[in-house]
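See below for the structure under consideration.
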Amino acid sequence: MRVLLLGGTADARRLAGLLVHEGHHVVSSLAGRTREPLLPAGEVRIGGFGGVEGLIAYLRGERIDVLVDATHPFAATMSEHAAVACAGLGVPRMVVDRPGWTASPGDVWHRVASLGEAAAVIPRLGRRVFLTTGRQGIAAFAELDECWFLARSVEPPDAVAPKRLDVVLDRGPFTVDGERRLMAGHRIDVLVTKDSGGPDAKLVAARELGIPVVMVNRPPAPPLGPLDRVAGVHAVTRAIAEAETRHP
Ligand code: NAP
């Protein structure tokens with residue numbers, strides 16, 4: 001099967017490895033936001049397609065049998081383009097399931113709809129803020145002069161950033177112990193995160209330390225068409241193997 005795998009996540013890298021191992025022709029697509037991305041197995045292409053039209057041309061030109069959307073849950077534009085392009089061409093789309101987080105006893109979470117809303121609630125929750133919203137999310141907090149920020153990202157933030165900002169350049173996975181040390185060591189009193197799902201060490205550490213969390217809700221996912229399905233990493237590999245058996 002000729003698979004276009006929209007990536008930029010650890011799940012996508014794992015899936016690329018599994019699919020290549022099973023003998024599929026896999027092209028992983030990365031947006032190109034990171035200068036030194038972790039590269040998956042198989043072929044890799046980097047950079048936007050040029051909107052829906054560009055993606056349609058790519059799917060046609062490369063004779064793609066199935067598109068797998070393993071992008072981050074907040075990559076809403078890419079997912080929307082993939083849904084429209086696949087529906088238009090009749091190419092099946094598999095969306096890698098990544099459930100959001102749910103609060104446990106002891107958690108103090110404030111759910112908000114956007115990074116802008118997160119910036120608006122922070123001043124009444126704390127003054128020493130741990131930002132884990134990614135490099136592109138840091139600009140939303142640039143006006144909060146009354147707060148000090150510790151931002152963690154893979155690459156340094158853009159020019160628009162809060163005045164009082166320290167940056168820790170790091171890439172997960174992180175441990176609960178490490179997160180507890182980092183937050184306690186910097187006397188963090190509020191954590192800001194997107195509801196990305198996946199490993200939750202920072203949330204466990206925040207719960208243990210009694211630190212409130214501002215949780216940015218996910219954007220809505222595009223609706224599923226008749227050829228589409230949502231599945232976990234292993235179910236995606238099984239479904240692609242089954243599709244190949246039906247259409248060798
Ligand atoms: P986005 O806002 O949904 O997409 C904006 C544009 O970037 C898309 O229209 C597309 O350009 C291009 N693009 C995005 N993902 C692409 C991909 N995998 N391959 C080729 N082009 C892509 O995306 P984003 O939120 O900036 O995320 C960019 C990438 O970073 C994604 O691959 C995502 O999985 C990864 N990521 C995002 C986050 C996050 O919080 N948003 C976190 C971790 C990783 P064209 O219209 O020109 O095709």
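These figures come from a predicted structure and were not determined experimentally. In each ligand, atom 1 is the first atom listed, and ligand 1 is the first ligand listed.
In terms of polar-atom proximity, Thr9 is not counted as a contact of ligand 1, lacking any N or O under 3.5 Å from an N or O of the ligand.
Distances from ligand 1 to the non-hydrogen atoms of Gly134 include no value under 4.0 Å. Heavy atoms of Gly50 approach ligand 1 to within less than 4.0 angstrom. The closest approach between Arg45 and ligand 1 falls below 4.0 Å for a heavy atom of the residue. In this structure, Leu30 is part of the shell of residues with a heavy atom less than 4.0 angstrom from ligand 1. Residue contact annotation: Gly47 has a non-hydrogen atom under 4.0 Å from ligand 1.
Looking only at heavy atoms of the protein, atom 34 (O) of ligand 1 is closest to Gly7 O, 2.8 Å. Of the protein's non-hydrogen atoms, the one nearest atom 35 (C) of ligand 1 is Gly8 O, 3.7 Å. Atom 27 (O) of ligand 1 has as its closest protein heavy atom Ala75 CB, 3.9 Å. When hydrogens are left out, the protein atom nearest atom 19 (N) of ligand 1 is Ser29 OG, 2.7 Å; that is the closest non-hydrogen contact. Among all protein heavy atoms, the one lying closest to atom 48 (O) of ligand 1 is Phe49 N, 2.7 Å. For atom 37 (C) of ligand 1, the closest non-hydrogen atom of the protein is His72 CB, 3.5 Å. Scanning the protein heavy atoms around atom 5 (C) of ligand 1, the nearest turns out to be Arg33 NH2, 3.5 Å. Looking only at heavy atoms of the protein, atom 22 (C) of ligand 1 is closest to Met78 SD, 3.3 Å.
Residues Arg152 and Thr132 have side chains that never bring a donor and an acceptor to within less than 3.5 angstrom of each other. In this structure, a donor-acceptor pair under 3.5 Å is present between the side chains of Asp69 and Thr71.
Listed by atom number, the atoms of ligand 1 under 4.0 Å from Gly51 heavy atoms are 45 (P), 46 (O), 47 (O), 48 (O). Ligand-side atoms of ligand 1 in range of His81: 9 (O), 46 (O), range being under 4.0 angstrom from any heavy atom. Atoms of ligand 1 lying under 4.0 Å from any heavy atom of Gly48, numbered from 1 in the order shown and given with element: 11 (O), 21 (N), 45 (P), 47 (O), 48 (O). In the vicinity of Thr71, heavy-atom distances shorter than 4.0 Å reach the ligand 1 atoms 34 (O). Close approach to Lys194 involves these atoms of ligand 1, each under 4.0 Å from a residue heavy atom: 39 (C), 40 (O), 41 (N). Applying the 4.0 Å criterion to heavy atoms of Ala76 picks out, from ligand 1, the atoms 3 (O).
Residue Ala12 does not touch ligand 1, judged by heavy-atom distances below 4.0 Å.
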- Query: Is there a salt bridge (Lys or Arg N to Asp or Glu O under 4.0 Å) between Glu208 and Arg180 once you walk through the steps?
  - Reply: CA-CA 8 Å; Glu208 289 177 5; Arg180 202 189 301 106; 2.7 Å; yes
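Distance check on atom 30 (O) of ligand 1: every protein heavy atom falls at or beyond the 4.0 Å cut-off.
For Glu146 and Arg127, the salt-bridge test fails: no basic side-chain N is under 4.0 Å from an acidic carboxylate O. Ion pairing of Asp145 with Lys163 is present here, as a side-chain N (NZ or NE/NH1/NH2) and a carboxylate O approach within less than 4.0 Å.
Between the CG atom of Leu115 and the CD atom of Gln136 there is a distance of 10.0 Å, given to the nearest 0.5 Å.
Judged by the 6.0 Å distance and 45° axis criteria, Arg171 is not positioned over the aromatic ring of Phe174. Remark: Arg45 is positioned above the aromatic ring of Tyr58, its terminal NZ or CZ atom under 6.0 angstrom from the ring centre and at most 45 degrees off the axis.
The two residues Pro156 and Arg35 make their nearest non-hydrogen contact at CD-NH2, 4.2 Å. Here the closest heavy-atom approach between residue Ala119 and residue Ala140 is recorded as CB-O, 3.6 Å. Contact detail for Leu169 and Val167: the closest heavy-atom pair is CD2-CG1, 3.7 Å.
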